[in-house]
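Structure record follows, encoded as structure tokens.
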Number of protein chains: 2
Amino acid sequence: MPRVSDMKERLMDAAMDLIWENSYGATSVDAICERAGAKKGSFYYFFKSKSELAAAALEDCWNKKKAEMDSIFSPTVPPLERFDRYFNFVHDRLAEVQKKCGSILGCPFISVGSEVSTQDQIVRETIDRIMDRKLNYFVSAVRDAAAEGVIDAPDPVAKARALFSCYQGMMAQARIQNDIELLRGFKEVAIEVLGVKRTSAMSSS
Amino acid sequence: MPRVSDMKERLMDAAMDLIWENSYGATSVDAICERAGAKKGSFYYFFKSKSELAAAALEDCWNKKKAEMDSIFSPTVPPLERFDRYFNFVHDRLAEVQKKCGSILGCPFISVGSEVSTQDQIVRETIDRIMDRKLNYFVSAVRDAAAEGVIDAPDPVAKARALFSCYQGMMAQARIQNDIELLRGFKEVAIEVLGVKRTSAMSSS
DNA sequence: AAAATAGTTGACTGGTCAGTCTATGCAGTT
DNA sequence: AACTGCATAGACTGACCAGTCAACTATTTT
């Protein structure tokens, strides 16, 4: 086999960075190439359009996060503690990114999804799929919590979806207001949304 | 005084329609002009940039909604019923828009806000202000509900914000999935987030 | 070393973008 | 009829946009 290249990776990473920080519409192919150190030709050698690259970049971004998600939402961890760990993890990650770029960027899937949903079916469907996979971690945790009797959840999917939406909403607001403090108190909101019984609160880290 | 023109209004309406249906980035000044039946010269006679028009259009959109909000959230209405009416109102409105344009568009402030927050301070601040005013309706209702004893709310602002985020998150998801059904069951979520006491549920319309 | 595969280069195209400018129309005032 | 303030017209600019293409380079296989 001839030489191998990491350019495809670099293009996806560059795209993800720029799209997350700015937006899909405000990110040009030229800008992506510049950041990746690629020329136009290379871009269109690996991807047949900007929208296909965006879909690939989002998918790739998810795949990189997946291992961490599996660890945080491991069935060996008590279900409510999974949420606790997850919210802390996201908070720390956003704070870290803020140091680099000066802004709270929130969840890229929600931002980009809202932006392109009516215009770009490829990207829309990719995000739809990713969000669904993300939701499933919540569903399992809610189910396990109900099985342990720490919450009541006659409809675990509905309850998981409620918590999920709530979290996504908070992140969108945090991005708009550029204020991470909104996410700080999310654990209390989660307890209320889940309807955690008074005897079995989450750890108070 | 010479002739009066409704062109400024028409430009704002056209901009709002296009931006809500597509996105800020995907909406060109030319497209706005075409829909408003205006020429470039008129556009730049009334607004000094695209971003200033967007801010004006969003502000104008809010002002048009304000009267309806005042009526829905009137202090003469029992506090929990205010939420009930509001969620129904938004649901019906989104369903109506869907008939015209084929998509569930969600909340324009959240979508546009997430899109432009890191790039356009004028628009960002406008949306920030609007969201805050919107939140205040929630805060008053939560306070009134607490005063009546139908919920416990040691921190009414936090509770209102939690419900608000939750609702915004659901709308963002409804847009991405193009599915209004997500909003149908929001009343039950609201009851849980607010922690409504079992004796005082919302009306079951 | 020749061939084949995998990746790179950068000039180029044609269209669209936000924004500018000068000329013009239209109504009420003097 | 001339003046004045508001509003419209639409051609124009130069930057930038996504995407194309034919020539080129580097590595491995035969």
Side-chain angles (χ1 to χ4, degrees), chain A residues 1-58 60 112 115-116 118-124 126, chain B residues 1-58 60 112 115-116 118-124 126:
Chain A
M1 270 187 211
R3 68 178 150 165
V4 282
S5 165
D6 63 343
M7 187 55 86
K8 192 170 178 176
E9 275 280 321
R10 272 160 50 206
L11 283 165
M12 290 191 291
D13 290 347
M16 200 59 222
D17 286 355
L18 291 170
I19 291 172
W20 194 18
E21 182 166 348
N22 306 302
S23 68
Y24 177 76
T27 301
S28 72
V29 172
D30 284 334
I32 295 167
C33 287
E34 198 188 337
R35 174 179 275 237
K39 303 289 176 194
K40 266 287 180 58
S42 294
F43 184 102
Y44 286 97
Y45 174 75
F46 290 108
F47 304 99
K48 68 171 193 280
S49 70
K50 178 187 169 186
S51 119
E52 204 188 59
L53 161 75
L58 288 159
D60 186 62
V112 178
E115 182 186 351
V116 308
T118 58
Q119 308 162 55
D120 190 315
Q121 285 308 305
I122 308 174
V123 177
R124 213 210 102 245
T126 302
Chain B
M1 272 186 212
R3 67 177 153 168
V4 281
S5 166
D6 62 344
M7 188 54 87
K8 193 171 178 175
E9 274 281 320
R10 272 159 50 205
L11 283 165
M12 289 192 293
D13 290 347
M16 200 58 220
D17 286 353
L18 291 169
I19 291 172
W20 193 19
E21 182 167 347
N22 306 302
S23 68
Y24 177 77
T27 301
S28 73
V29 173
D30 285 333
I32 295 168
C33 288
E34 198 189 335
R35 174 180 274 237
K39 302 290 175 192
K40 267 282 178 60
S42 295
F43 184 102
Y44 286 97
Y45 174 75
F46 290 108
F47 303 98
K48 68 171 192 281
S49 70
K50 177 186 169 186
S51 119
E52 205 189 58
L53 161 75
L58 288 159
D60 186 62
V112 178
E115 183 187 349
V116 307
T118 59
Q119 308 161 56
D120 190 317
Q121 285 308 304
I122 309 173
V123 177
R124 213 209 102 247
T126 303

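Naming: A, B, ... by sequence-line order, numbering from 1 per chain. Scope of the values below: all heavy atoms of this structure, side chains included, with no hydrogens, waters or symmetry mates.
Below the 3.5 angstrom threshold, one finds no donor paired with an acceptor across the side chain of B/Lys50 and the base of C/dG19. Contact annotation: side chain of A/Lys40 to base of D/dG19, donor-acceptor pair present below 3.5 Å.
With contacts defined as side-chain heavy-atom distances shorter than 4.5 Å, the pair B/Thr118/B/Arg124 does not qualify. In this structure, the side chains of A/Met16 and A/Asp60 stay at 4.5 Å or more apart for every pair of heavy atoms.
What separates CD1 of B/Ile32 from P of C/dT16 is a distance of 17 Å, to the nearest Å. Here the P atom of nucleotide C/dA18 and the OH atom of B/Tyr24 are 8 Å apart, to the nearest Å. In this entry the distance linking CE of B/Met7 with P of C/dC26 reads 14 Å, nearest Å. Rounded to a whole Å, the CG atom of A/Asp6 is 17 Å from the P atom of C/dA6. One can place CZ of B/Phe43 at 17 Å from P of C/dC21, the figure rounded to the nearest angstrom. In this structure, CG of B/Leu53 is placed 10 Å from P of C/dG19, rounded to the nearest angstrom. Rounded to whole angstrom, the span from the CD atom of A/Glu34 across to the C1' atom of C/dG10 amounts to 15 Å. Look at CD on A/Glu52: it is 15 Å from P on D/dA18, rounded to the nearest Å.
B/Thr27 comes within 4.0 angstrom of the backbone, heavy atoms only, and of no base. Within 4.0 Å (heavy atoms only), B/Phe46 reaches sugar-phosphate atoms of the nucleic acid but no base atom.
Closest to the B/Tyr45 side chain, of the nucleotides C/dT8, D/dA18, D/dT8, is D/dT8. Comparing D/dG10, D/dG19, D/dT8 by their closest approach to the side chain of B/Ser42 singles out D/dT8. Comparing C/dG10, C/dT8, C/dA18 against the side chain of B/Tyr44 picks out C/dA18 as the nearest.
Not one N or O on the side chain of B/Glu115 forms a donor-acceptor pair closer than 3.5 Å with the backbone of A/Ser23.
Between B/Lys8 and A/Asp30, the one whose closest nucleotide on DNA chain D sits nearer the 5' end is B/Lys8.
An OP1 or OP2 oxygen of C/dG10 is reached within less than 4.0 angstrom by a side-chain nitrogen or oxygen of A/Lys39. For the OP1/OP2 pair of C/dC17 and a distance below 4.0 Å, the side-chain nitrogens and oxygens of B/Ser28 include at least one atom meeting the criterion. Close to D/dC6, at under 4.0 Å from its OP1 or OP2, lies no side-chain N or O of B/Ser5.
A/Ala56 and A/Phe47 get closest at one heavy-atom pair: CB-CE2, 3.8 Å.
Interatomic distance, B/Met12 CE to B/Leu58 CG, rounded to the nearest 0.5 Å: 11.0 Å.
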